[in-house]
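Here is the naming used below: chain letters follow the sequence lines, and residue numbers restart at 1 for every chain.
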Amino acid sequence: MENRDIARILHETALLLEIDGAIIGRYRSYEKAAELLSSIPEHVEELAKDRAKLTSLPGIGEGMAGHIDEILATGDYSLRKKLLKKYPATILDILSLQGIGPKKVALLWKKFKAGSVEDVAKLAREGKLRDIAGFGEKTEENILKAVEFFQRSSGRVRLDVATNTAAEVAEYIRKLGGKIESVTPAGSLRRGKETIGDLDFLVIPAGRPTQKAIDAIFDHILKFPPIQQVLAHGENKISFLLTNGMQVDVRAIAEESHGAALLYFTGSKEHNVALRGRANAMGYTLNEYALSTLKGERHVASKTEAEIYAKLKLPYIEPELRENTGEIEAAEKGALPKLITLDDIRGDLQMHTTASDGHNSIEEMAEAARDLGYEYIALTDHSKSVTVANGLDEKRTLAQIKKIREAEKRVGGIRLFASSEVDILKDGSLDLHDDVLAELDIVLVSIHSYMNLERAEMTDRILAAIENPYTQILAHPTGRLILKREPYDYDIEKVLDACRKHGVVVECNAAPERLDFRDANLRLAKQRGVKVVISTDAHSTAHFDLMKYGVQTARRGWLEAHDVVNTFPLKKFLSALRPKPARSGEHSTARKATAR
DNA sequence: GCCGTTTTCGGCCCGACTGTTTTCAGTCG
């Protein structure tokens, strides 16, 4: 059983307890246990073999340890099951409606036996909610809007959509010119999460902030044309919905609180809770205005994030690491990674040209890459099985290799690797003959068909592809499409071990609909000693810009420049790849790709 | 249900905003 499965059961128990009217501490203890289990790297199933180890975790006592044992033994938890006899499982969906929390859910259940979003929607439409104590016409209206949103989408958008929207909002806010000191995007966008729920902005008014100045700033922002609905408008916070469905929160904060506010609004919530806990233990309290002493109300630090971390006896923690998944412990030990940056990247190892499904020629891609300052790229058009993408068969691949060699001479100033994104067939064999694979400088492999094989068969298929002596890079390893398609089901740890054994590099595909491997898997790859390559999978020269999303995802996976092979200069990069098999009748060194 | 350089009992992170209320409960991040 995975940690997240146990955490989910405990989390649901906590919500059900809260709906059931349990005292605050009881459900909080379940909530805290769930948060802890989903954040620690150790496998709880292993830890639970030793009761002392389990109860040494903060927030896990004898009682909770017993519950965890029960979940591990039976796959479920009796208290959760008992509560689900009292309430339908769909009651938890109601909590995802904006403006509805456990107390209102409990009330709706008590009064109307409303146990699903549909039940609540019906009551709201019939006007039956407005007369309940604590509700009103406005609440009813808001519930209807929330139901519509719930039914329309999961409420999250991809990182690229959020990044672009945020850029537009920020640009509009900056039109205030001298009236503001700065505007900074925070939240999960700043942490580079693969999907974003809403956008958070921090605005620092220029000079001494008066309510009048803040009001003027908010008045300007609320005139942003794409605003569909204003959700909240207070003294120092506004919140609104854009026509594309994204929610935006803007907070005005005085300059002296910039660091505390940035820390607070960047999150994650879990990281913040952990920091506040640490602050309390050290005799401080932390909020969005400052780190202060618990008693004297004396401000200890507030202007920069680094200052606050320093007072908490921690080095600065990069936003991408702030998920409470061990970064605070690593910071304590001085063991934080020195994260990779976009400037470290020297090449791009997956892209397509007009030969298959790309929009630009070999030359156009090469020139654009050279202009970005790259030292090398690999041209990786699809192989023949991917017919929808006009994949290349053996003959066309050989011709493409020749064209790439000629283009390299013409373009100059950049090394072009003749490569191919070779399809992994259903049985794990590769889509091109060995003698053609032998002609390629780099062999990248990936799956584009039979994505729903059962776990064991899919694992064997990928292992077979890795064991193929020509395979050097495993591209978009899990095949997921964010918000659209689940990853392939296979044993990732087995695959990573095979990659290390055979010197196969795994890809972090930077295309924002993929980001594959994802952050957690990249971290796992690093732990298992597997090298990573970050590639854009560009289908046009414009897509080279997507590299930033791949780097951000790698940073979330705790990767440093030395973990990523396309940060290496040409010669070192080549020696980091799996050596090509010797061709029969030739010396083993003859076909090694060389740094020309 | 957990936990203690304030505590073995009495708290549980904390502040803003809304909508309801007429001083505050509920929700959110």
- Message: Would you measure the distance from the P atom in dG10(B) across to the matching atom in dT18(B) and give it in whole Å?
- Response: 37 Å
- Calculate the interatomic distance between Asp249(A) atom CG and dG15(B) atom C1'; express it in whole Å. 14 Å
- Message: Need to verify one output field. Residue with the more 5' nearest nucleotide on DNA chain B, Lys237(A) or Leu57(A)?
- Response: Leu57(A)
- Item | hbond_proxy Tyr264(A) side chain to dG15(B) base (donor-acceptor, 3.5 Å cutoff) | no
- To the nearest angstrom, how far is Lys32(A) atom NZ from dC3(B) atom C1'? 8 Å
- Message: What is the distance, to the nearest angstrom, from the CD atom on Glu62(A) to the P atom on dT8(B)?
- Response: 21 Å
- Task: Starting from P on dC28(B), measure out to CD1 on Ile100(A) and report it in whole angstrom.
- Result: 8 Å
- Query: Which whole-number value in Å describes the distance from Glu235(A) CD to dG15(B) P?
  - Reply: 16 Å
Review item, side-chain donor-acceptor pairs of residues 59-67 of chain A, under 3.5 Å, at least two apart:
from, atom 1, to, atom 2, distance (Å)
Glu62(A), OE1, Arg51(A), NH1, 2.8
His67(A), ND1, Tyr77(A), OH, 3.4
His67(A), NE2, Tyr30(A), OH, 3.3
His67(A), NE2, Tyr77(A), OH, 3.3

- Query: For dT7(B), does the O4'-C1'-N9-C4 (purine) or O4'-C1'-N1-C2 (pyrimidine) torsion place it in syn, i.e. within 90° of 0, or in anti?
  - Reply: syn
- Between dG29(B) and dT21(B) - P atom distance, rounded Å: 24 Å
- NA contact type, Glu270(A), heavy-atom cut-off 4.0 Å: base, sugar-phosphate, or nothing? nothing
- Query: Which value, in whole Å, describes the distance between the C1' atoms of nucleotides dG1(B) and dT5(B)?
  - Reply: 24 Å
- Message: Between Tyr30(A) and dC12(B), is there a contact of a side-chain N or O with OP1 or OP2 at under 4.0 Å?
- Response: no
- Output, in order, the C-alpha distance, side-chain angles, deciding distance and verdict of side-chain hydrogen bond (donor to acceptor under 3.5 Å, both in side chains) for Glu31(A) and His11(A). CA-CA 5 Å; Glu31(A) 195 63 64; His11(A) 176 65; 2.8 Å; yes
- Ignoring backbone atoms, establish whether Asn236(A) has a side-chain N or O less than 4.0 Å from OP1 or OP2 of dC17(B). yes
- Closest to the Gln247(A) side chain: dG29(B), dT20(B), dT27(B)? dG29(B)
- Message: Taking His220(A)'s backbone N and O only, do any of them form a donor-acceptor pair with Tyr172(A)'s side chain (distance below 3.5 Å, no angle check)?
- Response: yes
- Nearest to the side chain of Thr139(A) - dA16(B), dT20(B), dC2(B)? dT20(B)
- Task: Indicate, with a heavy-atom threshold strictly under 4.0 Å, whether Ile23(A) touches base, sugar-phosphate, or nothing.
- Result: base
- Message: Using the P atom as the point on both nucleotides, what is the distance between dA25(B) and dC12(B), in whole Å?
- Response: 15 Å
- When all nucleic acid strands are considered with a 4.0 Å heavy-atom cut-off, which category describes Phe265(A): base, sugar-phosphate, or nothing? nothing
- Message: By nearest atom, which of the nucleotides dA16(B), dG29(B), dC17(B) is closest to the Arg251(A) side chain?
- Response: dA16(B)
- Message: Can you check the distance between dC14(B) and dC9(B), where both ends of the measurement are the C1' atom (answer in whole Å)?
- Response: 23 Å
- Query: When we call it a touch if two heavy atoms are under 4.0 Å apart, what does Gly63(A) touch: a base, just sugar-phosphate, or nothing?
  - Reply: sugar-phosphate
- Task: Would you classify Asn142(A) as touching base, sugar-phosphate or nothing, given that sugar-phosphate means primed atoms plus P, OP1 and OP2, and contacts are heavy atoms under 4.0 Å?
- Result: sugar-phosphate
- Query: His67(A) side chain N/O closer than 4.0 Å to the phosphate oxygens (OP1, OP2) of dG1(B)?
  - Reply: yes
- When rounded to the nearest Å, what value does the distance between C1' atoms of dG11(B) and dT6(B) take? 12 Å
- Item | Between dC28(B) (C1') and Leu97(A) (CG): distance, integer Å | 14 Å
- Message: If I pick the P atom on dC17(B) and the same atom on dT22(B), what distance separates them, to the nearest angstrom?
- Response: 23 Å
- Message: Tell me whether the side-chain N/O atoms of Asn287(A) come closer than 4.0 Å to OP1 or OP2 in dC14(B).
- Response: no
- Item | Spacing of Lys103(A) atom NZ relative to dT20(B) atom P, expressed in whole Å | 19 Å
- Message: When you compare the side chains of Asp215(A) and Gln211(A), does any donor N or O come within less than 3.5 Å of an acceptor on the partner?
- Response: yes
- Message: Mind checking if Leu107(A) touches a base, just sugar-phosphate, or nothing, with heavy atoms under 4.0 Å?
- Response: nothing
- Item | For dT8(B), the Watson-Crick or wobble counterpart (both distances under 3.5 Å) | none
- Do the side chains of Thr90(A) and Val117(A) get nearer than 4.5 Å, heavy atoms only? no
- Message: Can you confirm if the NZ or CZ of Lys111(A) lies within 45° of the ring axis of Trp109(A) and under 6.0 Å from the centre of its six-membered ring?
- Response: no
- Would you mind reading off the distance between His233(A) atom NE2 and dA16(B) atom C1', rounded to a whole angstrom? 14 Å
- Between dT8(B) and dG15(B), how far apart are the P atoms? Round to whole Å, please. 26 Å
- Going by distance alone, is a donor N or O of one side chain under 3.5 Å from an acceptor N or O of the other, for Asp519(A) and Thr553(A)? no
- Message: Quiz question: by atom type and distance under 3.5 Å, do the side chains of Asp20(A) and Tyr27(A) form a donor-acceptor pair?
- Response: no
- Message: Here's a test of your reading of the structure: between Tyr289(A) and Arg26(A), which maps to the more 5' nucleotide of DNA chain B?
- Response: Arg26(A)
